[in-house]
Amino acid sequence: MEKSWMLWTFVKRWLLALASWSWSLCRICLLPLIVTFHLYGGILLLILIFVSIAGILYKFQDVLLYFPEQPSSSRLYVPMPTGIPHENIFIKTKDGVLLNLILLRYTGDNAAYSPTIIYFHGNAGNIGHRLPNALLMLVNLKVNLILVDYRGYGKSEGEASEEGLYLDSEAVLDYVMTRSDLDKTKIFLFGRSLGGAVAIH
């Protein structure tokens, strides 16, 4: 059993090194492949060009998909609500990433029985940019709102990735279930754009 585990560890490290080397090779060889194909043609060179482009796109898919830096101050400044009861909260995910949340409290009639909406925002910006929409929901729906900044967004640590977003959503839901001041039987998930996929997960 010990030998098979050691063998698997060795194979895993070797495969990771091979993938990293292949990625570097794709990046370095793309331009010479294109020039050579332009001069001499050939189906093998065309296949290698497509493989190189696919490798580059695969490596940069997270950079192409997530925009936590737009607008440019999104990682530096997160607007906070004024004149409304709220909490600025930091929680940890299962893999140790620190996430920033804002809990907006409804304080009207029957506030103790108000539902709670977990708000998963869209791709660019941070939770502070969603405050106008969240405040309208707070007033019109008479609910508590928890706004979530994913990893790599706003004041949350880490870098955005699909798997990371799933871990973030699970951590937020686990956190809400630990709060004794929120009605656990009335939890709703709201996702806008990218947040829709996170809420569905």
Side-chain angles (χ1 to χ4, degrees), residues 1-78 92-100 119-130 133 147-173 189-201:
M1 185 70 176
E2 179 77 22
K3 287 185 178 182
S4 65
W5 180 79
M6 288 177 61
L7 177 65
W8 171 245
T9 303
F10 173 75
V11 168
K12 187 174 162 185
R13 284 185 185 164
W14 185 80
L15 287 173
L16 285 173
L18 180 65
S20 177
W21 177 80
S22 299
W23 151 243
S24 299
L25 186 63
C26 287
R27 212 172 32 162
I28 293 167
C29 292
L30 185 58
L31 184 60
L33 284 172
I34 292 171
V35 170
T36 307
F37 177 75
H38 180 69
L39 295 175
Y40 302 106
I43 191 75
L44 179 61
L45 286 172
L46 186 61
I47 291 170
L48 288 173
I49 289 170
F50 283 127
V51 168
S52 294
I53 291 171
I56 290 169
L57 290 175
Y58 180 79
K59 181 68 176 180
F60 281 110
Q61 64 185 335
D62 288 343
V63 173
L64 297 170
L65 183 60
Y66 306 111
F67 303 104
E69 305 286 340
Q70 294 179 7
S72 58
S73 62
S74 292
R75 294 286 284 153
L76 302 172
Y77 175 65
V78 177
K92 279 205 182 255
T93 61
K94 289 179 186 173
D95 59 343
V97 175
L98 201 63
L99 300 181
N100 184 215
Y119 188 117
F120 296 107
H121 67 76
N123 200 348
N126 59 48
I127 51 180
H129 299 131
R130 277 53 184 202
N133 184 236
L147 288 83
V148 181
D149 253 342
Y150 316 115
R151 63 186 62 210
Y153 285 78
K155 293 182 181 177
S156 295
E157 296 177 342
E159 291 183 19
S161 68
E162 182 180 359
E163 189 60 37
L165 293 180
Y166 296 155
L167 290 171
D168 297 348
S169 65
E170 292 165 8
V172 173
L173 194 54
L189 306 179
F190 174 82
R192 173 166 282 168
S193 188
L194 174 66
V198 179
I200 288 168
H201 170 77

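Everything numeric in this text was worked out from a predicted model, so none of it was measured.
Judged by distance alone, the side chain of Ser73 and the main-chain N or O of Tyr77 form no donor-acceptor pair under 3.5 Å. Put simply, the side chain of Glu157 gets close to the backbone of Leu98: a donor and an acceptor are under 3.5 Å apart. Judged by distance alone, with hydrogens and angles left aside, the side-chain atoms of Ser156 form a donor-acceptor pair with the main-chain N or O of Asp149 at under 3.5 Å. For Arg75 (side chain) and Gly154 (main-chain N/O), a donor-acceptor pair under 3.5 Å exists by modelled atom type.
Note: Asp168 CG to Leu173 CG = 12.5 Å, rounded to the nearest 0.5 Å. Distance check: Ile34 CD1 to Ile53 CD1 gives 5.5 Å after rounding to the nearest 0.5 Å. Interatomic distance, Asp95 CG to Glu163 CD, rounded to the nearest 0.5 Å: 9.0 Å. In this structure, OH on Tyr150 lies 14.5 Å from OG1 on Thr93, to the nearest 0.5 angstrom. In this structure, CZ on Arg151 lies 14.0 Å from CG on Asn100, to the nearest 0.5 angstrom.
Looking at every heavy atom in both residues, Gly125 comes nearest to Pro71 through CA-CD, 4.2 Å. Residues Tyr153 and Ala160 come closest through the heavy atom pair CE1-CB, 3.8 Å. Nearest heavy atoms, Gly122 versus Ser193: CA-CB, 4.0 Å. Between Thr36 and Leu45, the closest heavy-atom pair is CG2-CD1, 3.6 Å. Taking both residues in full, the closest heavy atoms of Lys92 and Ala171 are given as O-CB, 4.1 Å, listed atom of the first, atom of the second, then distance.
Checked against ring-ring contact (aromatic ring centres under 6.0 Å, His included), Phe190 has the following partners two or more places apart in sequence or in another chain: Tyr119.
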Evaluate side chain to side chain contact (heavy atoms under 4.5 Å, CB included) for Leu194 paired with Tyr66, printing each intermediate quantity in order. CA-CA 9 Å; Leu194 174 66; Tyr66 306 111; 4.0 Å; yes

Walk me through whether Glu170 and Leu167 qualify under side chain to side chain contact (heavy atoms under 4.5 Å, CB included). CA-CA 5 Å; Glu170 292 165 8; Leu167 290 171; 4.1 Å; yes

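A donor and an acceptor atom, one from each side chain of Glu162 and Tyr166, are located under 3.5 Å apart. In this structure, a donor-acceptor pair under 3.5 Å is absent between the side chains of Asn126 and His121.
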